[in-house]
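Working notes, structure below.
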Amino acid sequence: NTTGEVKALAGGLIAITALCMPVVSFLHSCYFTLRSGGKTGITFLFDSGFMSVVNLPLAYVLSRFTSLPLLALFGLCQTTELLKAGLGYYLLRRGSWAQNLVK
């Protein structure tokens, strides 16, 4: 029992989320590989630090200082996952994520 506008908005949000899903899946594989190697500090920064430093300020600036519609704003905020995925891939390729836990 909702309006067509709400249904269209929900469909758009689901479509954007679906388009971002391959990047998010890759990001999560990088994230959990880093975490399993003992780099828990990096994974903490991936979770909360990135959200606080990049996503929240971006969403605030876009919502307050532009007239973008909600779907465009959501899509732009989701593109920051590409930056996180690139950083995660770089950290994995560097190879410093694996730490000897038994000394």
Side-chain angles (χ1 to χ4, degrees):
N1 297 334
T2 187
T3 65
E5 183 181 351
V6 172
K7 288 180 184 178
L9 185 61
L13 292 171
I14 291 170
I16 291 170
T17 302
L19 287 173
C20 294
M21 197 55 61
V23 173
V24 171
S25 298
F26 177 74
L27 171 64
H28 283 218
S29 67
C30 292
Y31 170 85
F32 287 117
T33 303
L34 289 168
R35 195 164 111 186
S36 69
K39 290 286 190 179
T40 56
I42 295 292
T43 57
F44 173 75
L45 290 175
F46 262 33
D47 275 344
S48 60
F50 196 86
M51 176 68 74
S52 300
V53 173
V54 177
N55 283 357
L56 288 176
L58 177 66
Y60 179 78
V61 167
L62 289 176
S63 67
R64 296 292 179 218
F65 303 115
T66 68
S67 60
L68 289 173
L70 179 64
L71 288 176
L73 190 134
F74 182 70
L76 286 171
C77 289
Q78 290 297 308
T79 60
T80 61
E81 299 294 322
L82 288 170
L83 182 60
K84 272 174 56 174
L87 177 62
Y89 181 72
Y90 169 75
L91 291 172
L92 283 178
R93 294 294 293 173
R94 194 172 71 178
S96 65
W97 59 271
Q99 294 182 2
N100 188 1
L101 299 177
V102 181
K103 292 185 180 186

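Computed over heavy atoms, backbone and side chain alike; hydrogens, waters and symmetry mates excluded.
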*Decide whether Leu34 and Phe32 are clustered together by the hydrophobic rule: side chain heavy atoms of Ile, Leu, Val, Met, Phe, Trp, Tyr closer than 4.5 Å, transitively.*
yes

*Supply the atom-to-atom distance Leu45 CG to Leu87 CG, rounded to the nearest 0.5 angstrom.*
9.0 Å

*asked:* According to a hydrophobic-cluster definition based on side-chain heavy atoms being under 4.5 Å apart (Ile, Leu, Val, Met, Phe, Trp, Tyr only), do Tyr90 and Val53 belong together?
replied: no

Can I get a per-line list of side-chain donor-acceptor pairs under 3.5 Å for residues 14-31, giving both atom names and the distance, sequence neighbours left out?
from  : atom 1 : to    : atom 2 : distance (Å)
Thr17 : OG1    : Leu13 : O      : 2.8
Ser25 : OG     : Met21 : O      : 2.9
Ser29 : OG     : Phe26 : O      : 2.7
Tyr31 : OH     : Asp47 : OD2    : 2.7

*Find the distance between CG (Leu9) and CG (Leu71) and round it off to the nearest 0.5 Å.*
5.0 Å

*Does atom CZ of Phe44 have more than 12 heavy-atom neighbours from other groups under 6.0 Å away?*
no

*Taking all heavy atoms of Ser36 and all of Thr33, pick out the closest pair and write down the distance.*
OG-O, 2.9 Å

Could you pull out every donor-acceptor pair under 3.5 Å between side chains of residues 76-86 and any protein atom, sequence neighbours left out?
from  : atom 1 : to    : atom 2 : distance (Å)
Thr79 : OG1    : Leu76 : O      : 2.5
Thr80 : OG1    : Asn55 : OD1    : 2.5
Thr80 : OG1    : Cys77 : O      : 2.7
Lys84 : NZ     : Phe46 : O      : 3.4

*asked:* Looking at Tyr60, is its backbone amide N or carbonyl O close enough to the side chain of Ser63 to form a donor-acceptor pair, meaning the two atoms are under 3.5 Å apart?
replied: yes

